[in-house]
Peer 1: 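Please see the structure below; I have some questions.
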Amino acid sequence: MKALVYNGPGQKDWAEKEKPGIQKSTDVIVRITRTTICGTDLHILKGDVPAVTPGRTLGHEGVGIVEEVGDAVVNFKPGDPVLISCVTSCGKCANCKRQLYAHCSDGGWILGHLIDGTQAEYVRIPHGDNSLYPIPEGADEEALVMLSDIMPTGLEIGVQYGGVKPGDTIAIVGAGPVGMSVLLTAQFYSRDGSSWSTWTPPVSNLQSSSARPIPFRSGPRMRPRRSWR
């Protein structure tokens with residue numbers, strides 16, 4: 001199969017690799033139909049993530065079709081369309097039981113990091129029953145790939161950690177995919193409008209949203225009046 005392989009800082013290759021197989025009874029093999037790139041992948045390519053070693057297939061986001069399942073997998077079967085979570089969860093350890101899936105003792109962020117990832121024709125998903133989600137018939141796969149990581153990051157890190165609540169007016173610095181996800185999910189809490197500021201030209205589809213662009217002006221950096229808690 002073909003895969004995007006990290007070969008060291010600044011080095012990548014669209015290379016031929018062996019198709020992954022079942023290693024544990026909880027594994028699922030998925031044939032990738034959609035994937036995308038994350039800012040984390042760019043950090044890896046720069047050499048900023050030393051845990052990623054040369055030869056690693058990159059990527060931790062995607063949708064696809066189940067190709068093969070381990071003997072212990074009960075929620076999925078070959079042919080099922082699935083959404084891949086960027087975080088692998090065993091569902092049994094102390095952290096998973098506290099819903100701290102990113103800190104799973106046998107998972108967390110491992111795809112494209114500690115094991116081969118999704119920027120390939122096939123990928124092995126450990127703990128498939130807890131790390132995949134079924135895709136409803138007729139769903140837009142190209143849109144669903146945003147739910148692997150980008151949209152949840154905007155919601156959790158931007159909106160929930162930001163303490164957004166009904167009635168708030170918020171500023172979003174940057175209008176990339178995660179910033180746009182913050183804009184969309186913040187409106188679950190604050191439908192009276194959001195503001196955003198960006199270093200790039202305004203995005204045209206914001207004209208139909210409740211956001212308004214705030215022009216960025218260069219100048220000396222301002223010190224925050226207080227630190228985040």
Peer 1: Going from NZ on K92 to SG on C104, what distance comes out if it is rounded to the nearest 0.5 angstrom?
Peer 2: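 It comes to 11.0 Å.
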Peer 1: How long is the gap from SG on C38 to CD1 on I44, to the nearest 0.5 Å?
Peer 2: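 Between atom SG of C38 and atom CD1 of I44 there are 8.5 Å.
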Peer 1: Minimum heavy-atom separation for L83 to S148, with atom names?
Peer 2: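 For L83 and S148, the tightest heavy-atom pair comes out as CD1-OG, 3.5 Å.
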Peer 1: Checking T88 side chain against P126 main chain: does a donor-acceptor pair fall under 3.5 Å?
Peer 2: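 Not at all, since once roles are kept as given, no pair shorter than 3.5 Å links the two residues.
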Peer 1: Would E61 and T118 count as having a side-chain donor-acceptor pair, cut-off 3.5 Å?
Peer 2: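 There is no such pair between these side chains.
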Peer 1: Out of curiosity, does I172 fall in the hydrophobic cluster containing F188 (side-chain heavy atoms, cut-off under 4.5 Å, transitive links)?
Peer 2: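 Yes, one cluster joins them.
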Peer 1: Checking one residue: V87. Which other hydrophobic residues are in its cluster under the side-chain 4.5 Å linking rule?
Peer 2: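 Same cluster as V87: Y101.
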Peer 1: Looking at every heavy atom in both Y6 and V52, which two are closest together, and how far apart are they?
Peer 2: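 Residues Y6 and V52, closest heavy atoms: CE2-O, 3.4 Å.
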Peer 1: Among all residues two or more places apart in sequence or in another chain, which pass the side chain to side chain donor-acceptor pair (under 3.5 Å) test with Q119?
Peer 2: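 If we apply the side chain to side chain donor-acceptor pair (under 3.5 Å) test to Q119, skipping adjacent residues, the hits are D41.
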Peer 1: Provide the closest heavy-atom pair for G91 versus C96 in the form atom of the first, atom of the second, distance.
Peer 2: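 The pair with the smallest heavy-atom distance is N-SG, 3.4 Å.
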Peer 1: Test side chain to side chain contact (heavy atoms under 4.5 Å, CB included) on H127 and S89 and set out the steps.
Peer 2: CA-CA 6 Å; H127 304 295; S89 166; over 6 Å; no
Peer 1: Quick check: are there more than 12 heavy atoms from other residues, nucleotides or ligands sitting under 6.0 Å from CD of Q160?
Peer 2: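 Yes.
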Peer 1: Within a strict 4.5 Å, meaning less than it, do heavy atoms of the P81 and I65 side chains meet?
Peer 2: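 Result yes, sub-4.5 Å side-chain heavy-atom pair found.
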Peer 1: Going only through I, L, V, M, F, W and Y residues with side-chain contacts under 4.5 Å, is there a path from W109 to L4?
Peer 2: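 Yes, because W109 and L4 connect within a single hydrophobic cluster, where side-chain heavy atoms sit under 4.5 Å apart.
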Peer 1: Atom CD1 of I157 and atom OG of S181: how far apart are they, to the nearest 0.5 Å?
Peer 2: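 Reported value, rounded in 0.5 Å steps: 12.5 Å.
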Peer 1: Could you note down all residue pairs passing salt bridge (charged side-chain N to carboxylate O under 4.0 Å, His left out) where residues 107-124 supplies at least one of them, sequence neighbours left out?
Peer 2: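 Only K17-D116, D27-R124, R56-D116 qualify under salt bridge (charged side-chain N to carboxylate O under 4.0 Å, His left out).
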Peer 1: With rounding to the nearest 0.5 Å, note down the distance linking CG in L144 to CZ in R34.
Peer 2: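 It is 10.5 Å, given to the nearest 0.5 Å.
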Peer 1: Does D48 have any side chain to side chain donor-acceptor pair (under 3.5 Å) partners at least two apart in sequence or in another chain, and if so, which?
Peer 2: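 Scan of D48 (side chain to side chain donor-acceptor pair (under 3.5 Å), adjacent residues dropped) gives H43.
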Peer 1: Could you go step by step and tell me if K2 and W14 meet the side chain to side chain contact (heavy atoms under 4.5 Å, CB included) rule?
Peer 2: CA-CA 6 Å; K2 289 292 188 178; W14 183 241; 3.4 Å; yes
Peer 1: Can you list the steps and then say if L111 with V123 is a side chain to side chain contact (heavy atoms under 4.5 Å, CB included)?
Peer 2: CA-CA 9 Å; L111 290 173; V123 63; 4.1 Å; yes
Peer 1: Just checking E16: does its CD atom have more than 12 heavy atoms from other residues, nucleotides or ligands closer to it than 6.0 angstrom?
Peer 2: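 It does: E16 CD has more than 12 such atoms within range.
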Peer 1: Going by atom type alone, with no hydrogens or angles, which donor-acceptor pairs under 3.5 Å involve a side-chain atom of residues 67-74 and a protein atom two or more places apart or on another chain?
Peer 2:
{"residue": "E67", "atom": "OE2", "partner": "K19", "partner atom": "NZ", "Å": "3.3"}

Peer 1: So, the side chain of S131 versus the backbone of S85: is there a donor-acceptor pair under 3.5 Å, distance only?
Peer 2: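 No, the answer is negative, given that no donor and acceptor are paired below the 3.5 Å cut-off.
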Peer 1: Which value, rounded to the nearest 0.5 Å, describes the distance between L155 atom CG and Y161 atom OH?
Peer 2: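 It comes to 11.0 Å.
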Peer 1: If the condition is side chain to side chain donor-acceptor pair (under 3.5 Å), which residues does D80 pass it with, not counting sequence neighbours?
Peer 2: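 Listed in chain order: K77.
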Peer 1: OG1 of T33 to CZ of R31: how many Å apart, nearest 0.5 Å?
Peer 2: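 These two atoms lie 7.0 Å from each other.
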Peer 1: For I170, is there any backbone N or O sitting under 3.5 Å from a side-chain donor or acceptor partner on D168?
Peer 2: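 No, D168 side chain to I170 backbone: no donor-acceptor pair under 3.5 Å.
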Peer 1: Between D149 (side chain only) and C86 (backbone N and O only), is there a donor and an acceptor less than 3.5 Å apart?
Peer 2: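 Not confirmed, D149 side chain does not pair with C86 backbone.
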Peer 1: For residues N7 and K12, report the shortest heavy-atom separation together with the two atoms involved.
Peer 2: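 Nearest pair, atom of N7 first, then K12: ND2-C, 4.3 Å.
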Peer 1: Apply side chain to side chain contact (heavy atoms under 4.5 Å, CB included) to the pair I84 and I125, showing each step before the final yes or no.
Peer 2: CA-CA 8 Å; I84 300 169; I125 304 297; 3.7 Å; yes
Peer 1: Report whether I37 and V145 are members of the same hydrophobic cluster (ILVMFWY, side-chain heavy atoms less than 4.5 Å apart, transitive linking).
Peer 2: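 I37 and V145: separate clusters.
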Peer 1: Shared ILVMFWY cluster between V28 and I115, side chains joined below 4.5 angstrom?
Peer 2: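 Yes; I115 is reachable from V28 via cluster members.
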Peer 1: For residues L147 and I135: do they belong to one hydrophobic cluster (side chain heavy atoms under 4.5 Å, members Ile, Leu, Val, Met, Phe, Trp, Tyr)?
Peer 2: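 Per the 4.5 Å side-chain linkage, L147 and I135 are co-clustered.
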Peer 1: Minimum heavy-atom separation for A51 to L114, with atom names?
Peer 2: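 The answer is CB-CD2, 4.1 Å.
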Peer 1: Would you say V82 and V63 make side-chain contact, with heavy atoms under 4.5 Å?
Peer 2: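 SC-SC contact between V82 and V63 ruled out.
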Peer 1: Heavy atoms only: give me the nearest I29-Y122 pair and the separation to one decimal.
Peer 2: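 The pair with the smallest heavy-atom distance is CG2-CD2, 4.4 Å.
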